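Below is one structure, written out as structure tokens; comments come after it.
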Amino acid sequence: MANLEAMRTFQRHWTSYCAEERTLARLCTQLPLDISGLGARERRLPPFAVSTAAVYDRRALAGALGPDGAHLGYRVDEGIQWNWWLAYDAWRAVIDERSLLDERAACIAELAAVAADTQRALDGDEELARDRSTLRDYAAADAEERSELARMNEQRKKFVEPYEQDEARRAPWIAHPWRRLKLWFFKSFRMRDELDKIDQKIADIQAKLDVRERKIGELGDAVAARTALLEEPFAPQRKRSLEAILSTERELLSLLDRDLAARDETYEQGSVLAESFEDGLAHANEREWALLGRWMTEYAARLPEEIVHARNMVESELVWLEGYAPYGKRYWPLTDRVVAAMEEGRADTSDLALKLVQGSS
């Protein structure tokens, strides 16, 4: 049986024991990571990304546990948690990187939603749909007639070439093309008549193309104006989303730049800021992976000492608890509730408080 002050002292030791036991459990189940197998592409990804090329170093943990490791009662397979190292202060920047990347992804999703809403507004406008359809019809007709124009020009060329060659042989002294053409007209009425027909077709097609080109220009302006009018209500949100994306990207690169400048002696501050977002992020991630590899090596080297220290702390607290426990070990987990009952004035001894707690369970 204990009074309130004695129970508060017991509570402090019980809390410390639980914390040290959690630390020991963590040290005995966290496997150091071997990243030597990561390729160049994987090193451009964030260090929190799960990689099949990174493997756990079970031998490093087994060596740290020593011959008595199996008797500690921890199952390593149940304790493996990818990114366990992010719980350490050294990797606060990587945690913030993940948060900022999530924030950027949310902004990109918002921008995509705005784009989808804009597209629905454009697709649902009858006037715009009609003008766009007319433009497509114009474009199809234009392409067809331009093909016909090219065919007629080729036909004219093939028609003229034999006469041109013949006159060149007969009158080599007539060197200028327009003189030869004049001579052909005088010598061959049939040729002149055929050329007139071809030229008239070419002129007709060109006239149609000129008219349609003007209509396409006018209708294109109308479509552009109508599109801008329909897009206008969505412009503010689109601008906010784009600005949010750019702001998040700048914040993320600045974060990694500061972290690398503080922890990587080979890094030249400002390097990632001078690159595009994608390249700067990849560059920073490559260096963070390298830092993680070095950190893991140092962690594995310290692990045996850390485990011994944690075991000693657990055993020390356990000895104290067993020596001063006001009730049996199976009731220790109820200590916080027992102390609360005593602080609330519902009981003045540990025995009475324990009975109250058990009765309310």
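Fair warning: this is a prediction, and the values are worked out from it, not measured in the lab.
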* **Parallel, tilted or perpendicular: rings of Trp295 and Tyr88 (30°, 60°)** => perpendicular
* Structure fact -> Minimal heavy-atom distance between Thr23 and Ala310, with the atoms involved, is CG2-CB, 4.4 Å
* To do: Answer yes or no: is there a side-chain heavy-atom contact under 4.5 Å between Pro326 and Met7?
  => yes
* Using 4.0 Å as the upper bound for N to carboxylate O, is an ion pair formed by Arg44 and Glu278? -> no
* **Side chain Ser133, main chain Ala129, donor-acceptor under 3.5 Å** => no
* Closest approach of Ala300 and Ala60, non-hydrogen atoms and distance? -> CB-CB, 4.3 Å
* **Step-by-step side-chain hydrogen bond (donor to acceptor under 3.5 Å, both in side chains) determination, Asp204 to Gln200** => CA-CA 6 Å; Asp204 291 343; Gln200 185 60 51; 2.9 Å; yes
* Do any N or O atoms from the side chain of Glu42 and from the backbone of Gly39 form a donor-acceptor pair under 3.5 angstrom? -> yes
* Asked: Is Asn83 reaching over with its side chain to a backbone N or O of Phe48, donor-acceptor style, under 3.5 angstrom?
  -> yes
* Between Asp210 and Gln206, does any side-chain donor sit less than 3.5 Å from a side-chain acceptor? -> yes
* Just by modelled atom types, is the Gln30 backbone N or O under 3.5 Å from a matching donor or acceptor in the Trp85 side chain? -> no
* Considering the options Met313, Arg311, Glu305, which one meets the side chain to side chain contact (heavy atoms under 4.5 Å, CB included) requirement together with His309? -> Met313
* With rounding to the nearest 0.5 Å, note down the distance linking CG in Asp57 to CD1 in Ile35. => 12.5 Å
* Under 3.5 Å, is there a donor-acceptor pair between the side chain of Ser316 and the main chain of Asn312? -> no
* Structure fact -> With sequence neighbours left out, the residues meeting salt bridge (charged side-chain N to carboxylate O under 4.0 Å, His left out) with Arg8 are Glu5, Glu343
* Can you name the side chain to side chain donor-acceptor pair (under 3.5 Å) partners of Arg302, sequence neighbours left out? -> none
* Starting at NZ of Lys215, measure out to OG1 of Thr134 and round the result to the nearest 0.5 Å. => 10.5 Å
* To do: Find out whether His283 and Asp279 are in side-chain contact, i.e. whether some heavy atom of one side chain is under 4.5 Å from a heavy atom of the other.
  => no
* Do we get Arg41 above Trp289's six-membered ring, with its NZ or CZ under 6.0 Å from the centre and within 45° of the axis? -> no
* To do: Decide whether Leu100 and Ile245 are clustered together by the hydrophobic rule: side chain heavy atoms of Ile, Leu, Val, Met, Phe, Trp, Tyr closer than 4.5 Å, transitively.
  => no
* Step by step, would you call Phe10 with Val339 a side chain to side chain contact (heavy atoms under 4.5 Å, CB included)? -> CA-CA 10 Å; Phe10 183 82; Val339 172; over 6 Å; no
* Structure fact -> Tightest non-hydrogen contact, residues Val272 and Leu253, listed as CG2-O, 3.8 Å
* May I ask you to decide whether Asp142 forms a salt bridge with Arg146, counting only side-chain N to carboxylate O separations under 4.0 Å? => yes
* **Side-chain H-bond candidate by donor/acceptor type, Asp34 with Ser36, under 3.5 Å** => yes
Return all side-chain donor-acceptor pairs below 3.5 angstrom for residues 101-114, not counting sequence neighbours, or 'none' if the list is empty.
unit_1 : atom_1 : unit_2 : atom_2 : d
Arg104 : NE     : Glu249 : OE2    : 2.8
Arg104 : NH2    : Glu249 : OE2    : 3.0

* Ile307 vs Leu24, side chain to side chain contact (heavy atoms under 4.5 Å, CB included): CA-CA, chis, key distance, verdict -> CA-CA 6 Å; Ile307 290 176; Leu24 180 60; 4.2 Å; yes
* Structure fact -> Rounded to the nearest 0.5 Å, the CG atom of Asp264 sits from the CG atom of Leu256 at a distance of 12.0 Å
* Structure fact -> Taking every heavy atom of Pro32 against every heavy atom of Met296, the minimum-distance pair comes out as CA-SD, 4.0 Å
* Before accepting this row, confirm whether a basic side-chain N of the pair Glu145/Arg212 lies closer than 4.0 Å to the acidic partner's carboxylate O. => yes
* **Val338 side chain near Tyr331 side chain, heavy-atom distance below 4.5 Å** => no
* Check whether any side-chain N or O of Ser247 sits under 3.5 Å from a backbone N or O of Glu243 as a donor-acceptor pair, and report yes or no. => no
* **Lys/Arg-Asp/Glu bridge criterion (N-O < 4.0 Å) met for Asp125, Arg226** => yes
* Decide if atom CD of Glu322 counts as having more than 12 heavy atoms of other residues, nucleotides or ligands within a radius under 6.0 Å. => yes
* To do: Look up atom OG in Ser99 and atom CG in Leu252, then write down how far apart they are to the nearest 0.5 Å.
  => 10.5 Å
* **Backbone N/O of Leu281 and side chain of Asn285: donor-acceptor pair under 3.5 Å** => yes
* To do: With sequence neighbours left out, write down each residue that passes side chain to side chain donor-acceptor pair (under 3.5 Å) with Arg151, or none if nothing qualifies.
  => Glu148
* Asked: Within a strict 4.5 Å, meaning less than it, do heavy atoms of the Leu321 and Lys329 side chains meet?
  -> no
* Asked: Counting heavy atoms not belonging to Glu126, are there more than 12 under 6.0 Å from its CD?
  -> no
* Is it the case that more than 12 heavy atoms not belonging to Glu268 sit under 6.0 Å from its CD atom? -> no
* Would you call Arg132 and Thr227 a side-chain contact if the rule is heavy atoms closer than 4.5 Å? -> yes
* Structure fact -> CD1 of Ile205 to OG of Ser147, rounded to nearest 0.5 Å, is 9.5 Å
* Asked: Where do Leu273 and Ser254 come nearest, in terms of heavy atoms and distance?
  -> CD2-N, 3.7 Å
* **Glu315 CD: over 12 foreign heavy atoms closer than 6.0 Å** => yes
* Asked: In terms of heavy-atom contacts, does CD of Glu344 have more than 12 from other residues, nucleotides or ligands at under 6.0 Å?
  -> yes
* Structure fact -> In this structure, CG of Asp259 is separated from CG of Leu255 (nearest 0.5 Å) by 6.5 Å
* **Heavy-atom pair of closest approach, residues Met342 and Ala353** => CG-CB, 3.6 Å
* To do: Check the pair Asp257 / Tyr267 against side chain to side chain contact (heavy atoms under 4.5 Å, CB included), numbers first and verdict last.
  => CA-CA 9 Å; Asp257 178 66; Tyr267 175 72; 2.5 Å; yes
* **From Arg263, Arg92, Arg43, residue fulfilling salt bridge (charged side-chain N to carboxylate O under 4.0 Å, His left out) relative to Glu288** => Arg263
* When Ile, Leu, Val, Met, Phe, Trp and Tyr are grouped by side-chain heavy atoms lying under 4.5 Å apart, directly or through other members, which residues fall in the same group as Leu122? -> Leu128, Leu135, Tyr138, Ile216, Leu219, Val223, Leu230
* Is a side-chain N or O of Ser241 found less than 3.5 angstrom from the main chain of Arg238, in a donor-acceptor match? -> no
* To do: Apply the test side chain to side chain contact (heavy atoms under 4.5 Å, CB included) to residues Arg337 and Leu356: give CA-CA distance (whole Å), side-chain angles for both, the deciding distance (0.1 Å), then the verdict.
  => CA-CA 10 Å; Arg337 296 174 62 190; Leu356 290 174; over 6 Å; no
* side chain to side chain donor-acceptor pair (under 3.5 Å) involving Gln119 - partner list, sequence neighbours excluded -> Asp123
* To do: If the plane angle is over 60° it's perpendicular, under 30° parallel, otherwise tilted; pick one for Tyr17 and Trp14.
  => parallel
* **Ring-ring centroid check Tyr299 Trp84, cutoff 6.0 Å** => yes
